[in-house]
2 protein chains.
Amino acid sequence: MKPTIYDVAKAAGVSIATVSKVINNTGKMRDTTREKVKDTMKKLNYQPSLMASALTGKGTETLGLLVPDISNPFFSQIAKTIEDRAHENGMSVIICSTDENTDKEKKYVELLQRKHVDGMIVASSYHNIEILKEVVNRNTPLVMLTQDDAGLGVTSISVDDFKGGYEATSHLISEGHRDIAIIAEYAKSSKQRIYGYLEAHEEQGLETSEDHIFRTIASIENGRESLRKIVQKGKVPTGIFACNDLIAVGVIQEAKEMGLKIPEDLSIVGFDNTILATTTVPGLTTIAQPITEMGNRVVDVIISEIKNKNQTKERILFKPQLIIRGTTAVVKI
Amino acid sequence: MKPTIYDVAKAAGVSIATVSKVINNTGKMRDTTREKVKDTMKKLNYQPSLMASALTGKGTETLGLLVPDISNPFFSQIAKTIEDRAHENGMSVIICSTDENTDKEKKYVELLQRKHVDGMIVASSYHNIEILKEVVNRNTPLVMLTQDDAGLGVTSISVDDFKGGYEATSHLISEGHRDIAIIAEYAKSSKQRIYGYLEAHEEQGLETSEDHIFRTIASIENGRESLRKIVQKGKVPTGIFACNDLIAVGVIQEAKEMGLKIPEDLSIVGFDNTILATTTVPGLTTIAQPITEMGNRVVDVIISEIKNKNQTKERILFKPQLIIRGTTAVVKI
DNA sequence: ATGAAAGCGCTAACAT
DNA sequence: ATGTTAGCGCTTTCAT
């Protein structure tokens, strides 16, 4: 079965200390010895146990990533860049989908701690703050992605949600829309997007009303349902700002089934600029998050925190970018 | 910092053996003792180290999952169900995207072994068979997903690719298409789909030619490029069977830019039935893989292999299902 | 019913 | 230059 350091030592005729040294490329020794050990490692197909070494104080070289749902394209896309960057740095990542469920979050966070992950990236939004605080107290580097720091005093990386909401809404307003609904998520980030939505209206001296603000959880089905709710409320708005692409797609699909023409009868702006935004017809006008940059950055940050703890914490906001495609147009009079 | 079993033992006034027993719910002891220990575990917020226990022979409660690319919706969707099912069974999963790169596969497989994963699910297609053999030899349960067993003698779970290819093609043929191209991947599964494509033709006494078989790697961009190549070759076929939805979407997009009407000028069938198939316009006719069932099944299998090794190995084929949407129509005369 | 102690595979000080 | 040894946090057998 799996050879251990002892097997290698015996086969190479040296002590385990020597083997350990060649594994870690530390210490000094005769070149011939090093070669001999390397050879026998290869011959035995020896693979040092990361668990054993982690137990002696070294890291586990694994990162934990908490997302709401890995099957949501936004998260799978960002997970991919996180994974790539992590591997470039010799780390792998355990992905957990919380389904925006506080119990699951708790369970997964504890699990990740028991697995001794070297750091945790939290891109999931429902929080049991106490749990996360525990993590921080226990000195496990933790950074928030797509989220504010929830009062934890950790660094957070996200897009400028306020600005994104502002730009999405301003675009609609500039096209003449005066009756704009917003479908947000429950997450904090959505709150900022709502504020941006409000700000854009206010700036133009436009009224807003609670009636135009809807909330749901990200999924195509929920997007459809939201549109149904909006329509039930009475007058159909001319524009909808959906706080993510998944919801926007749902709105598009439902609108079509209702016989609403897009963008003639209804303009839609999404958020995220995932792969979905390019596959709808018309293409989805949306607010792009710099997914790759954010993913890379978050692992850079967490790795530097792992290397030398107590880095200064920051709140990093990336610039959102309005991508105009076909789901928005000048409002019909 | 993190409390250990010693801290708990000391605080509770018992030995670590006793604490271990309550952690694992083994052995007998006075109820009061058990309670006392439980209480102090709670008070100290103690979380047993999985690494330490793994080192003593228990499992790591971790599964490794190798996929070509987690940002491909098919894989992120199946990863989600795998993750869910795994967690239901107290296991978490480390996901690695190989990018269909043999070197990466090798690197990740070794990594996963060093991390002592209890089992590995391989849904990635380019194989360094030797590496995988090593895994099997070392007695780490391994099951192939979406792939045949590559001569490893392990159980494999996939859709019936041959049948899927046959049905996709037959559908096109039944709509009157006589000039059908196929865009496949390099994977083994694609080979089966090609055979299905061939079979469907043969059954109808229709000619086929190598000229109509194209290969690429799954991505929208490669789908677009493939269509360009097909067009360059001369006569544009009336039907295209793309071996996955991503490629199909690329074909649709490129076709539109070329001014080709879908399905009037070109009928398209995809494969997978991912979220993308519902967002295109028209909706994508595609071959559905039972993603949830396959995902659940694969973890059930691997878990039973982990529990009692040497399960009988099988080749499990799920039934594909043709989902007719809007990208296919009777051929124009 | 409870505890002492050996051992899992490795690292890192300390000897030689 | 190389080896000895004491942990790391836990499980498990064997005593008590």
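The structure presented is a predicted model; accordingly, all values stated were derived computationally and were not measured. In the text below, chain A, chain B and the rest are named by the order of the sequence lines, each starting its count at 1. What you see below is based on every heavy atom in this structure, not just the backbone, and it leaves out hydrogens, waters and symmetry mates.
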**Prompt:** Below 4.0 angstrom, N of the basic side chain to O of the carboxylate: do A:Lys115 and B:Glu61 qualify?
**Reply:**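 Salt bridge flag = no for B:Glu61 with A:Lys115.
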
**Asked** Would you call A:Asp300-A:Arg85 a salt bridge at under 4.0 Å N-O?
**Response**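 Looking at A:Asp300 and A:Arg85, the cut-off is met.
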
**Request:** State whether the number of non-hydrogen atoms from other residues, nucleotides or ligands found under 6.0 Å of A:Arg315 atom CZ is greater than 12.
**Result:**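 Not more than 12 within 6.0 Å, no.
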
**A:Lys43, NZ: over 12 other non-hydrogen atoms inside 6.0 angstrom** =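 No, not enclosed.
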
Please report the distance, rounded to the nearest Å, between [atom1] in [X] and [atom2] in [N].
X: B:Lys36; N: C:dT2; atom1: NZ; atom2: C1'; result: 10 Å
X: B:Lys58; N: C:dG7; atom1: NZ; atom2: C1'; result: 16 Å
X: B:Lys10; N: C:dG3; atom1: NZ; atom2: C1'; result: 16 Å
X: A:Asn24; N: C:dC10; atom1: CG; atom2: P; result: 10 Å
X: B:Arg138; N: C:dG9; atom1: CZ; atom2: P; result: 13 Å
X: A:Leu44; N: C:dG9; atom1: CG; atom2: P; result: 14 Å
X: B:His116; N: D:dC10; atom1: NE2; atom2: C1'; result: 15 Å
X: A:Met51; N: D:dT11; atom1: CE; atom2: P; result: 12 Å

**Message:** Counting only side-chain nitrogens and oxygens, does B:Ser20 get under 4.0 Å of the OP1 or OP2 atom of D:dT11?
**Reply:**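 Checking D:dT11 against B:Ser20, a side-chain N or O does come within under 4.0 Å of OP1 or OP2.
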
**Side-chain H-bond candidate by donor/acceptor type, A:Ser156 with A:Asp148, under 3.5 Å** =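 Side chains of A:Ser156 and A:Asp148: no pair found under 3.5 Å.
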
**Request:** Tell me, with the steps shown, if A:Asp99 and B:Lys80 meet side chain to side chain contact (heavy atoms under 4.5 Å, CB included).
**Result:** CA-CA 10 Å; A:Asp99 289 324; B:Lys80 176 64 161 58; 3.1 Å; yes

**Prompt:** How is B:Ser53 classified with respect to the nucleic acid when contacts are heavy atoms under 4.0 Å: base, sugar-phosphate, or nothing?
**Reply:**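 Touches sugar-phosphate only.
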
**Fill in**
Nucleotide by nucleotide, nucleotides 2-8 of chain D touches protein heavy atoms under 4.0 Å in the pattern (B base, S sugar-phosphate only, - none) BBBB-BB

